[in-house]
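Fair warning: this is a prediction, and the values are worked out from it, not measured in the lab.
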Amino acid sequence: MFLVVSYDVPDNRRRTRIANVCEDFGVRVQKSVFECILSERELATMCGRLLAAYDESEDSIRIYRFCQACEGRIQVYGVGDVTQDEEVFVV
């Protein structure tokens, strides 16, 4: 599934930890916005790691799920492309 993860974290150390988790699962498209293509299992793993890294009294993390029809309607202006699911071949 195609996801967009965004966060607003005022603390530098927590923000770095959350960014590192997001980088493990997706592609950074803006400073605090990542696009991810994940299975349900990968999403659960990422959420577990995010929840362990954030402070619910100060931080905000948003995860938007896109259906295939909606994914095709994403518009990008300026620099960058929408993350694509690339097939990987191991030789």
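The minimum heavy-atom distance between Cys36 and Gly26, with the atom names listed, is SG-CA, 3.7 Å. Phe25 and Glu42 get closest at one heavy-atom pair: CE2-O, 3.7 Å. Between Arg14 and Asp11 the shortest heavy-atom distance is N-OD2, 2.9 Å.
Using the six-membered ring where Trp is involved, Phe66 and Phe2 have ring planes that are perpendicular, over 60° apart on the 30 and 60° scheme.
Between Val4 and Val33 the shortest side-chain heavy-atom distance falls below 4.5 Å. Looking at heavy atoms from C-beta onward, Arg17 lies out of side-chain contact with Arg49 at the 4.5 angstrom threshold.
Hydrophobic clustering, with ILVMFWY side chains joined whenever heavy atoms are under 4.5 angstrom apart, keeps Ile74 apart from Leu3. Linking ILVMFWY side-chain heavy atoms closer than 4.5 Å, directly or via other members, places Val29 and Tyr7 in two distinct hydrophobic clusters. No chain of hydrophobic side-chain contacts below 4.5 Å, direct or via other Ile, Leu, Val, Met, Phe, Trp or Tyr residues, connects Tyr64 to Val27. Note on Leu43: it clusters hydrophobically with Phe34, by side-chain heavy-atom contacts below 4.5 Å among ILVMFWY residues. One hydrophobic cluster holds both Ile37 and Val76 under the rule that ILVMFWY side chains link at heavy-atom gaps under 4.5 Å.
Taking CD1 from Ile61 and CD1 from Ile18, the interatomic distance works out to 4.0 Å, rounded to the nearest 0.5 Å. For the atom pair Ser39 OG and Met46 CE, the distance stands at 10.5 Å (nearest 0.5 Å). Residue Glu56 holds its CD atom at 9.0 Å from CG of Leu51, rounded to the nearest 0.5 Å. With rounding to the nearest 0.5 angstrom, the CG atom of Asp24 is 11.0 Å from the OG1 atom of Thr45. Atom-to-atom distance recorded for Glu40:CD and Arg65:CZ is 4.5 Å, nearest 0.5 angstrom.
Under a 3.5 Å cut-off, the side chain of Arg62 and the backbone N or O of Ser6 do not form any donor-acceptor pair.
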task: Would you please test Cys22 and Leu50 for side-chain contact (heavy atoms from CB on, under 4.5 Å) and show each step?
output: CA-CA 8 Å; Cys22 291; Leu50 289 172; 4.1 Å; yes
task: Apply side-chain contact (heavy atoms from CB on, under 4.5 Å) to the pair Met1 and Glu71, showing each step before the final yes or no.
output: CA-CA 10 Å; Met1 81 191 88; Glu71 185 181 335; over 6 Å; no
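Open room surrounds CG on Asp81; 12 or fewer heavy atoms of other groups in view lie less than 6.0 Å from it.
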